[in-house]
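Remarks on the structure that follows.
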Amino acid sequence: MTEFLQQVIIGLRIGSVYALVALGYTMVYGIIRLINFAHGEFIMVGGYTLFFTIPVLINWGLPAWMSVFAAIVTCAVVGILAELLAYRPVRKKGNRMTALITAIGMSLLLQNLAQAIPAMGPNPRAITEDIFQSGSITILGVNTNQTAIFTIIIAAFVMVGLQLFIHKTRLGRAMRAVSENKAASTLVGINVNKTIVVTFAIGAGLAAVGALMYCAQYRSVMTTMGSMLGLKAFVAAVLGGIGLIPGAMLGGILIGLIEALVTAYISSSLANSLVFLVLILVLLVKPAGIMGKNVGEKV
């Protein structure tokens with residue numbers, strides 16, 4: 001029983017990272033129906049920002065985790081530039097297919113650009129400093145590190161805060177209005193382009209928080225770190241119901257638990273395969289995801 005609880009905690013930790021990244025996917029999709037495959041590269045940008053800023057903050061006598069603020073700003077700027085320079089022009093002149101291809105191209109561009117920068121390069125870079133306080137904590141007789149607990153708590157806090165922001169603030173209501181009907185939103189005075197830019201900034205900022213949680217646990221960064229992490233987060237968003245904040249959280253937790261339990265009790269080499277198999281099975285039964293609603297298409 002103790003070993004099972006240990007794997008559950010590991011699954012919750014991994015799933016919380018997936019959930020944080022999936023929240024960024026689901027926000028952008030919920031507003032403009034775009035699957036932003038460059039979101040994984042926003043994680044990479046956040047990870048390298050942490051790598052470069054953590055030593056500076058420690059030299060200043062500040063805690064390492066405060067580097068997340070620099071990462072959020074950097075990722076938000078990259079997200080805004082991607083929207084202004086790539087996605088918006090395509091959205092005006094193209095269609096959903098061209099927007100999807102643009103997102104894939106933006107992902108490859110950011111990844112290869114990072115590899116071409118000498119300070120980053122293709123090789124992994126180790127983060128030698130502790131991002132959070134090291135140490136263990138006992139929960140229900142199971143010993144785990146404090147980083148895992150911080151990851152779970154921060155993910156839950158971000159989800160609740162984001163949900164309140166979307167439903168209780170003026171900007172959040174504008175986002176929901178744009179998601180429902182862009183033309184009608186314009187008629188009532190909502191600046192649609194501004195709302196979309198803010199959505200990209202928030203989504204990219206969430207990727208930075210996910211990068212912090214990832215780097216705190218694995219303590220390394222590389223230019224391809226966002227590829228599989230972003231793909232699994234996308235699977236989590238689709239599994240829970242893409243476009244829904246609680247769905248992204250639920251999907252991330254489920255993917256993390258499945259991955260941890262399969263790795264522990266079946267085979268680590270089958271973990272990724274079973275994660276994608278579960279996605280296929282769920283979509284066969286409920287294409288809109290666990291929390292999504294199937295909507296018939298009018299013809």
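Worth knowing before you read on, the calculation uses all heavy atoms, side chains too, and leaves out hydrogens, waters and symmetry mates.
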Hydrophobic cluster membership, L239 vs L281, 4.5 Å side-chain cutoff: yes
Candidates I131, V68, V21, I154 - the one meeting side-chain contact (heavy atoms from CB on, under 4.5 Å) with M213: I154
Straight-line distance of R219 CZ to T128 OG1, nearest 0.5 Å: 7.0 Å
Contact check, side chains of I290 and L254, non-hydrogen atoms, under 4.5 Å: yes
Closest non-hydrogen atom pair, C215 against M225: SG-CE, 4.2 Å
Check: S107 side chain, A38 main-chain N or O, donor-acceptor pair, under 3.5 Å: no
Main-chain N/O of L171 paired with R176 side-chain donor or acceptor, under 3.5 Å: no
Side chain S179, main chain M175, donor-acceptor under 3.5 Å: no
T26 side chain to A22 backbone, donor-acceptor under 3.5 Å: no
T224 and Q111: CA distance, side-chain angles, deciding distance, side chain to side chain donor-acceptor pair (under 3.5 Å) verdict: CA-CA 7 Å; T224 57; Q111 189 175 126; 5.7 Å; no
Y48 and R125, any side-chain heavy atoms less than 4.5 Å apart: yes
Side-chain donor or acceptor of S185 paired with backbone N/O of A177 under 3.5 Å: yes
Q7/Y265 under side-chain contact (heavy atoms from CB on, under 4.5 Å): CA gap, chis, key distance, verdict: CA-CA 10 Å; Q7 297 306 319; Y265 295 107; 4.2 Å; yes
Heavy-atom closest pair, residues T263 and A271: OG1-CB, 3.5 Å
Point-to-point distance, once rounded to the nearest 0.5 Å, from CG of L229 to CD1 of I43: 4.0 Å
Side chain R13, main chain I149, donor-acceptor under 3.5 Å: no
Working for side-chain contact (heavy atoms from CB on, under 4.5 Å), residues E41 and L109: CA-CA 9 Å; E41 277 51 60; L109 172 65; over 6 Å; no
F51: ring pair (Phe, Tyr, Trp, His ring centres under 6.0 Å) partners, not counting sequence neighbours: none
Full working for side-chain contact (heavy atoms from CB on, under 4.5 Å) between L279 and V275: CA-CA 7 Å; L279 173 68; V275 164; over 6 Å; no
Test side-chain contact (heavy atoms from CB on, under 4.5 Å) applied to I54 and I127, L62, N59, the passing residue: I127
Exercise: identify the closest heavy-atom pair between I245 and M159: CG2-CG, 3.8 Å
For L84, the rest of its hydrophobic cluster, which grows through side-chain links under 4.5 angstrom: I80, V197
CD1-CD1 distance between I152 and I9, expressed to the nearest 0.5 angstrom: 7.0 Å
Student check: side-chain heavy atoms of M44 and M222 closer than 4.5 Å: no
Partner set under ring pair (Phe, Tyr, Trp, His ring centres under 6.0 Å) for Y29, not counting sequence neighbours: none
Joint hydrophobic cluster, L113 plus V45, side-chain heavy atoms closer than 4.5 Å: no
Value rounded to 0.5 Å, distance of CD1 in I266 from OG in S273: 11.0 Å
Non-hydrogen atoms of T169 and F165 that approach each other most closely: OG1-O, 2.5 Å
Main-chain N/O of I166 paired with R173 side-chain donor or acceptor, under 3.5 Å: no
Derivation of the side-chain contact (heavy atoms from CB on, under 4.5 Å) call for F150 and Q217: CA-CA 10 Å; F150 286 146; Q217 192 64 44; over 6 Å; no
Heavy-atom pair with the smallest gap, counting every atom of S67 and L50: OG-CD2, 3.1 Å
Flag, side chain of T186 to backbone of K182, donor-acceptor distance under 3.5 Å: yes
Co-membership, hydrophobic cluster, residues V90 and I31, 4.5 Å side-chain: no
Gap between atom CH2 of W65 and atom CG of L212 - 0.5 Å precision: 9.5 Å
Whether F42 and H39 hold their rings parallel, tilted or perpendicular, with breakpoints at 30° and 60°: perpendicular
Plane angle bin for F37 and Y25 - parallel if under 30°, tilted between 30 and 60°, otherwise perpendicular: perpendicular
ILVMFWY network linking I117 to V77, side-chain heavy atoms under 4.5 angstrom: no
Residues E259, K232: salt bridge by 4.0 Å N-O rule: yes
Hydrophobic cluster membership, L277 vs L231, 4.5 Å side-chain cutoff: yes
Inter-residue atom distance T151.OG1 - I14.CD1, 0.5 Å rounding: 10.5 Å
Contact summary for I72 and G205, nearest pair of heavy atoms: CG1-O, 3.8 Å
Beyond-backbone contact of R88 with I196, side-chain heavy atoms, under 4.5 angstrom: no
